[in-house]
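Worksheet for the structure shown next.
Sequence lines set the chain letters: A, B, ... in the order given, protein chains first and strands last, and positions in each chain run from 1. Since we're looking at a predicted model, the values are computed, not measured.
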2 protein chains.
Amino acid sequence: MDKSATVSKRAYDRFCPLSLALDQVGERWTLHIIMALMNGPKRYSELKRHLAGAGTNILSDRLRRLAGGHIVGRSTGQAPGSETTYHLTERGAALASVIGALATWGIDLLSGTETGEPQVFDRTWTIDPSTETINETYQWSIDGIEFELAAHDRQLTRTPGRAARPVVKFKTSKAIFASILTGEVSVAEAVEAGEVRFKGSRQALRRMFSVLGFPFVRVGY
Amino acid sequence: MDKSATVSKRAYDRFCPLSLALDQVGERWTLHIIMALMNGPKRYSELKRHLAGAGTNILSDRLRRLAGGHIVGRSTGQAPGSETTYHLTERGAALASVIGALATWGIDLLSGTETGEPQVFDRTWTIDPSTETINETYQWSIDGIEFELAAHDRQLTRTPGRAARPVVKFKTSKAIFASILTGEVSVAEAVEAGEVRFKGSRQALRRMFSVLGFPFVRVGY
DNA sequence: CAGAATCCGAACCGATACTG
DNA sequence: CAGTATCGGTTCGGATTCTG
């Protein structure tokens with residue numbers, strides 16, 4: 001029946017901006033959908049691939065709810081069989097500040113302050129089916145914290161310390177990396193300004209950001 | 001069998017600042033706890049009252065997890081029977097930008113763009129046990145959208161239109177209200193600058209913000 | 001085949017009862 | 001007061017099925 005009108009029973013129901021915001025975008029995967037749509041409209045199947053790990057019912061539910069809140073819109077071409085795409089409305093695009101704040105806060109966690117143990121991340125969501133299997137390692141240094149990132153099959157493993165034979169070495173500060181992620185500055189510009197140092201081919205650099213899930217990073221070469 | 005029988009706490013497990021941030025503060029109630037602690041350390045029971053609607057096990061779990069992430073700290077006085085309090089660490093205080101972004105985005109939702117129907121909010125979390133029952137209405141106007149807020153028992157009802165006999169009339173713009181909520185400006189200063197208009201006693205104004213769940217608002221009189 | 005609904009086992013949430 | 005234990009209901013995640 002009319003499911004679009006039903007609100008999650010698990011709403012906060014408070015007269016409070018934080019609560020009302022979280023009632024709309026606080027559920028699991030919702031902000032990930034928004035972030036995926038920040039780089040332009042996407043089809044259902046593209047979103048599904050990008051949200052690897054979430055069930056198709058979740059994606060369907062979130063999109064319905066977001067459409068009901070006028071956060072995303074659904075565009076269907078008029079040609080029969082033409083694709084349907086989802087895009088952010090103005091209200092949805094305004095969530096950039098929220099995602100920006102969360103991502104900025106989360107940058108510290110990329111380095112893994114907890115010492116020692118290697119950590120395995122899911123990487124299926126960054127896999128571009130048009131490219132072949134990637135199997136390489138990168139050397140990172142952020143604010144002096146060094147670690148190796150090893151892309152292997154559908155996993156990405158982060159290990160503290162130096163990498164054996166990295167394809168790319170990448171060194172910068174947390175603040176600079178943040179402004180690279182937000183698109184404020186390109187990697188090339190940051191290198192120019194002496195705020196990023198990297199070794200490796202430009203092609204590998206570009207591929208690295210794709211593999212890591214930052215395809216939107218402006219490499220700038 | 002073929003899939004790893006991991007402890008599978010529902011984490012995103014992505015090498016992505018947004019995902020890692022949400023792994024730490026994306027669960028239900030977590031950001032509400034952070035916001036509650038923004039106004040200073042609190043005891044377990046205070047938090048429990050402020051989080052009316054969440055089970056005590058949830059609060060316990062969230063605090064444990066937040067402590068593990070060095071986002072909140074636990075302080076126990078050395079005197080026997082002294083209270084234990086929870087407070088934000090520096091890392092936790094850095095979440096102010098996240099909460100600020102969400103709250104700013106959520107301000108639009110306070111007015112209730114969805115037409116017509118009155119909406120009922122839970123108000124138990126704003127009830128100060130030391131004060132007696134409150135039963136009064138306020139007239140709000142934000143960016144020209146008028147609505148009545150009626151505090152009744154443990155509910156708060158928002159109704160579009162004008163209130164019958166409000167104790168307080170409050171009129172401002174969304175932007176100004178945002179800066180009042182963030183503490184950037186006091187109500188008195190905004191009135192001074194002609195950006196807020198209100199009618200009613202200053203005492204009632206102060207009480208209104210408490211009843212609505214904004215006890216931290218600097219009235220400034 | 002893309003888009004979406006349905007079903008089901010498992011994890012999670014919320015409320016109450018209970019313990020030190 | 002500060003939690004822990006437990007239980008029923010809800011939500012999630014994955015596979016499958018349906019529909020044009």
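Within 4.0 Å of A:S60, counting heavy atoms only, lie sugar-phosphate atoms of the nucleic acid but no base atom.
With no hydrogens or angles considered, a side-chain donor-acceptor pair links A:Q119 and A:R158 at under 3.5 Å. Neither side chain, A:T157 nor A:H152, offers a donor N or O lying under 3.5 Å from an acceptor on the other.
As rounded to whole Å, 10 Å separates atom P of C:dC13 from atom CZ of A:R28. At whole-Å resolution of the value, CG in B:L66 and P in D:dG3 are 13 Å apart. Atom CZ of B:R62 is separated from atom C1' of D:dA2 by 18 Å (rounded to the nearest Å). Look at CD1 on A:I58: it is 14 Å from C1' on C:dC7, rounded to the nearest Å. If you take CG of B:L59 and P of C:dC12, they are 18 Å apart, rounded to a whole angstrom. Taking atom CZ of A:R10 as the reference point, atom P of C:dC12 lies 11 Å away to the nearest angstrom. In this entry the distance linking CG of B:L63 with P of D:dC1 reads 16 Å, nearest Å.
Closest approach to the A:T84 side chain among C:dG3, C:dC12, C:dG14 is made by C:dG3 (side chain taken as heavy atoms from C-beta onward). Side-chain atoms of A:R64 lie closest to C:dA5 of the nucleotides D:dA2, C:dA5, C:dC12. Of the candidate nucleotides C:dC13, D:dG13, D:dA15, D:dA15 has the atom nearest to the side chain of A:T56.
Taking the ring pair (Phe, Tyr, Trp, His ring centres under 6.0 Å) definition, one finds that B:F15 meets it with A:F121, A:W140, sequence neighbours left out. Considering only residues two or more places apart in sequence or on other chains, A:R28 meets the salt bridge (charged side-chain N to carboxylate O under 4.0 Å, His left out) condition with none of them. Scored by the ring pair (Phe, Tyr, Trp, His ring centres under 6.0 Å) test, A:F209 finds A:F170 as partners (sequence neighbours excluded).
Side-chain atoms of B:N57 and base atoms of C:dG14 include a donor and an acceptor less than 3.5 Å apart.
The salt bridge (Lys or Arg N to Asp or Glu O under 4.0 Å) pairs that include a residue from residues 66-76 of chain B number zero, where partners must be two or more places apart or lie in different chains. Judged as a salt bridge (Lys or Arg N to Asp or Glu O under 4.0 Å), the pairs with a partner in residues 202-219 of chain A (not counting sequence neighbours) are, in order, A:E136-A:R207. Residue pairs meeting the side chain to side chain donor-acceptor pair (under 3.5 Å) criterion with at least one member in residues 46-57 of chain B, sequence neighbours excluded, are B:Y44-B:T56.
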What donor-acceptor contacts under 3.5 angstrom involve side-chain atoms of residues 91-106 of chain B, with partners at least two apart or in another chain?
{"unit_1": "B:R91", "atom_1": "NH1", "unit_2": "A:W105", "atom_2": "O", "d": "3.4"}
{"unit_1": "B:R91", "atom_1": "NH1", "unit_2": "A:D108", "atom_2": "OD2", "d": "2.9"}
{"unit_1": "B:R91", "atom_1": "NH2", "unit_2": "A:W105", "atom_2": "O", "d": "2.6"}
{"unit_1": "B:S97", "atom_1": "OG", "unit_2": "B:A94", "atom_2": "O", "d": "3.3"}
{"unit_1": "B:T104", "atom_1": "OG1", "unit_2": "B:G100", "atom_2": "O", "d": "2.7"}
{"unit_1": "B:W105", "atom_1": "NE1", "unit_2": "A:R91", "atom_2": "O", "d": "3.1"}

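At a non-hydrogen distance threshold of 4.0 Å, B:W29 from residues 29-37 of chain B come into contact with DNA chain C. In the region residues 39-55 of chain A, proximity to DNA chain C at under 4.0 angstrom, judged on heavy atoms, holds for A:R43, A:Y44, A:S45.
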